[in-house]
Q: 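Please find one structure pasted underneath; my questions will follow.
Throughout, protein chains are lettered first and strands after them, A, B, ... in sequence-line order, and every chain is numbered starting at 1.
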Amino acid sequence: MKKGLHKIVILLIMALTGLASSCSDKPPLPKPDNPVLMVIFNHSVNGEPVVFDQMVYENLAGNPYLINEIQYFISEFTLHYSDGTVIEPVIWDPFHYVDTDLEQTRHWIIPDSLKQGTVDQVTFRLGICDALNASFMFVNPPERDMFWPEYLGGGYHYMKLNGKWEPASGNYPNLPFDFHVGRGQIYENEEIVSFVDNSMTITPAGEAFSLSNGDTTTVVITMQIENWFQNPHVYNHDVWGGYIMNNQEAMQIAVENSHDVFIISREELP
Amino acid sequence: MKTKQRLQWIILTILGIAFSCSEKPQPYEPTPYTLDIPDYFPTQVNIPEDNPLTEEGVELGRHLFYDGRLSGRTHRDSLMSCATCHIQSQGFDLGLGNERFPDGQPIGLSGVTPPHYPLPLINLIWNENGYLWNGMIHPSGPDQSKTRLEDLVWMGVVAPHEMAGDTNRTKKLIQSIDGYPALFEKAFGTNIVTMENINKAVAQFVRTLISSDAKFDRYMRGEEQLTTEELSGYVLFTTEEGADCFHCHGGAGNPLFTTHLFYNNGKDREFTGAFEDPRDRYHITNDPMDIGAYKATTLRNIALGGPYMHDGRFQTLDEVIDFYAHGLVWSEYINPLMHHIGTDGNQLLPWEKEHLKAFIATLMDTVFLNNPKFAPPVQFPDGTTFESQQ
């Protein structure tokens with residue numbers, strides 16, 4: 001009788017141990033049902049990753065220049081599928097901030113609301129359109145520090161591209177330039193009479209890519225920095241100087257040169 | 001008989017339990033500190049998970065912040081506290097004209113001067129980019145024992161250019177002062193004084209030092225209008241062709257009036273040899289663009305007076321405005337945001353300088369400077385007073 005009880009107890013312990021160990025072997029996490037898209041933001045000059053803080057570049061105007069940092073907003077990120085579907089997946093959290101000083105901002109996972117298929121084209125806005133570009137919507141850094149003064153139209157910088165160039169003449173071997181773009185101003189008799197939405201709709205050149213349910217696809221959007229200063233307009237730092245926030249003519253050049261600044265690819269630059 | 005004995009034991013046991021329960025200390029239940037985030041201010045605050053703000057912790061911190069015995073000494077001539085150099089009426093900075101340090105240059109209890117001038121303790125609850133002029137006190141900094149606001153407390157105790165003490169002596173002295181153990185009990189659930197709990201309490205108090213009621217804040221809230229001169233100054237402050245202060249010092253969109261970032265603002269040309277500062281930002285990041293770079297300070301209460309800059313080279317706000325107008329010095333390391341360097345400064349006209357100064361004066365927060373919550377306690381827990389230590 002006692003032996004029988006012992007057997008039952010041992011069997012019970014074995015069963016419980018088995019249950020416990022089977023619980024600790026967690027099954028693999030299920031793959032997400034929808035496709036996942038990861039976007040990496042890169043920055044290049046003349047086809048090579050940008051080397052910061054070194055006076056090794058020259059623009060079409062003949063200005064030797066260096067790049068110190070780039071900060072910008074991406075909004076209205078939209079996928080155009082080959083079947084005609086258009087999805088703007090980040091409609092409820094529509095802004096992504098990229099800062100070359102903050103590595104984590106270079107990676108952006110698009111929320112899981114995509115469908116599988118072939119994406120022929122991506123479009124996005126560089127900056128924030130007037131309807132959404134409201135002052136005080138970012139109270140925390142780093143986005144907060146992109147604020148665009150109320151006097152100049154308010155809202156936020158679309159982009160800050162800071163660097164230095166070697167002027168053709170002057171007292172100093174190099175001077176800073178702040179290629180900052182945001183809401184523009186129209187002046188009459190030195191008074192601001194209206195503002196201009198300078199945000200830029202971008203269609204980066206590149207090949208189609210596929211999204212599959214359960215898979216993460218990574219695409220790389222590269223800013224070709226040199227193109228801000230060429231095509232169709234040659235931008236000359238000696239002409240425009242170190243700052244352009246209240247110079248709509250200079251910002252308009254940025255807008256018109258923006259069309260081929262970005263490319264999209266599946267591979268990162270070496 | 002046996003039954004009677006059993007009954008006695010049961011009664012004694014019950015009494016024993018009841019008696020021991022009445023001896024138990026009160027449970028540690030500190031009162032959470034209510035933090036009101038002012039309009040337009042950041043919602044992300046820098047409060048470590050292991051040091052939440054509590055009413056009791058803040059109050060203890062206030063006592064320790066002001067008590068000169070934090071230095072581990074009792075002789076009146078050797079007392080030093082945080083408040084020795086961080087004075088409320090000076091925006092928790094040292095300022096000029098101080099009786100002990102009249103030229104604004106503090107001297108430590110060992111007679112050594114600090115490598116840099118003090119920074120004001122204003123709105124540090126929103127500082128995510130490191131403390132001190134070079135931001136070395138940060139999780140990404142070079143010394144993992146110095147990463148938090150809390151660490152600045154013990155650093156101040158031991159630094160030769162500050163209290164020149166040692167933490168054992170400080171905690172023993174604080175432990176021995178009547179009333180302090182009870183305050184630690186309320187704040188941290190133990191009456192044993194530790195340096196870490198001293199650090200935590202002072203840091204809690206410092207995090208409550210919020211300035212958000214300057215004239216400019218009231219203007220932003222629609223409660224008060226700026227004068228024509230002040231508004232003109234604000235336009236100069238926030239335009240590149242004007243003074244262009246806002247990229248580093250904020251504005252309506254950044255009411256802290258600092259980015260808490262680091263810039264070479266064109267003060268010097270030479271940075272090697274005798275001119276090298278081992279405490280600039282470069283010595284933290286090793287990035288050559290950080291040579292000669294220091295934290296942009298908050299401009300709140302900056303109109304109170306100098307000394308200005310990390311080395312206290314300017315005494316008055318006029319001198320600072322003149323420097324940015326005509327005195328910038330070119331070097332390879334000047335920050336790209338200093339785009340007026342090509343003309344040696346922003347070349348403000350005299351009337352523009354006056355308007356800019358008028359705007360900066362709207363950042364004076366007299367409510368902050370006189371807030372009784374930030375003032376010395378009426379008396380320390382042993383009945384002595386802050387005034388008696390002066």
Q: Considering only heavy atoms and a distance below 4.5 Å, find which of A:Glu69, A:His180, A:Glu150 pairs most often with chain B.
A: A:His180

Q: So which part of A:Ile244 gets closer than 4.5 Å to some heavy atom of chain B, the side chain, the backbone, both or neither?
A: backbone

Q: CZ of A:Arg144 to CZ of B:Phe41: how many Å apart, nearest 0.5 Å?
A: 10.0 Å

Q: Can you tell me if OH on A:Tyr65 sees more than 12 non-hydrogen neighbours from other groups inside 6.0 Å?
A: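 Atom OH in A:Tyr65 is crowded, with more than 12 foreign heavy atoms closer than 6.0 Å.
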
Q: At a 4.5 Å cut-off on heavy atoms, which part of B:Met289 comes close to chain A: side chain, backbone, both, or neither?
A: side chain

Q: CE of A:Met146 to CG of B:Asn254: how many Å apart, nearest 0.5 Å?
A: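 These two atoms lie 13.5 Å from each other.
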
Q: Decide yes or no for A:Asn140 and B:Trp126: does some side-chain heavy atom of the first lie under 4.5 Å from some side-chain heavy atom of the second?
A: no

Q: I need the residue from A:Gly241, A:Gly242, A:Pro173 with the largest number of non-hydrogen atom pairs under 4.5 Å to chain B.
A: A:Pro173

Q: Is any side-chain heavy atom of B:Asp287 closer than 4.5 Å to a side-chain heavy atom of A:Asp53?
A: yes

Q: Contact between B:Phe237 and A:Pro149 at the side-chain level, heavy atoms closer than 4.5 Å - yes or no?
A: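 B:Phe237 vs A:Pro149: side chains apart.
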
Q: Give a yes or no on this: more than 12 heavy atoms of other residues, nucleotides or ligands lie within 6.0 Å of atom CD of A:Glu188.
A: no

Q: Nearest heavy-atom pair of A:Asp178 and B:His339: which atoms, and what distance?
A: OD2-CD2, 2.8 Å

Q: Just so I know, are the side chains of B:Glu240 and A:Asn247 near enough to count as touching, which here means a heavy-atom distance under 4.5 Å?
A: no

Q: Using heavy atoms and a sub-4.5 Å threshold, report which of residues 255-262 of chain B line up against chain A, by residue number.
A: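 Residues in range: B:Leu256, B:Thr258, B:Thr259.
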
Q: When you look at CD of A:Glu191, are more than 12 heavy atoms from neighbouring residues, nucleotides or ligands closer to it than 6.0 Å?
A: no

Q: Between B:Ala252 and A:Phe136, which heavy-atom pair has the shortest distance, and what is it?
A: O-CE2, 3.3 Å

Q: Quick check: do A:Tyr243 and B:His247 have side-chain heavy atoms less than 4.5 Å from each other?
A: no

Q: A:Lys164 pairs by side-chain contact (heavy atoms from CB on, under 4.5 Å) with which of B:Ile341, B:Asn335, B:Ile334?
A: B:Ile334

Q: Side chain, backbone, both or neither: which part of A:Asn174 has an atom under 4.5 Å from a heavy atom of chain B?
A: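 Contact with chain B: backbone and side chain both.
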
Q: Given side chains that start at C-beta, do those of A:Tyr151 and B:Thr239 come closer than 4.5 Å, heavy atoms only?
A: yes

Q: Where on B:Asn129 is there a heavy atom nearer than 4.5 Å to chain A: the side chain, the backbone, both, or neither?
A: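 The answer is neither part of B:Asn129.
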
Q: Near B:Glu223 CD, under 6.0 Å, is it more than 12 heavy atoms from other residues, nucleotides or ligands?
A: yes

Q: Which heavy-atom pair separates B:Pro336 from A:Gly163 by the least distance, and what is that distance?
A: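 The answer is CB-O, 3.7 Å.
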
Q: Using a cut-off of under 4.5 Å for heavy-atom pairs, which of B:Asp39, B:Leu337, B:Asp244 has the most such pairs with chain A?
A: B:Leu337

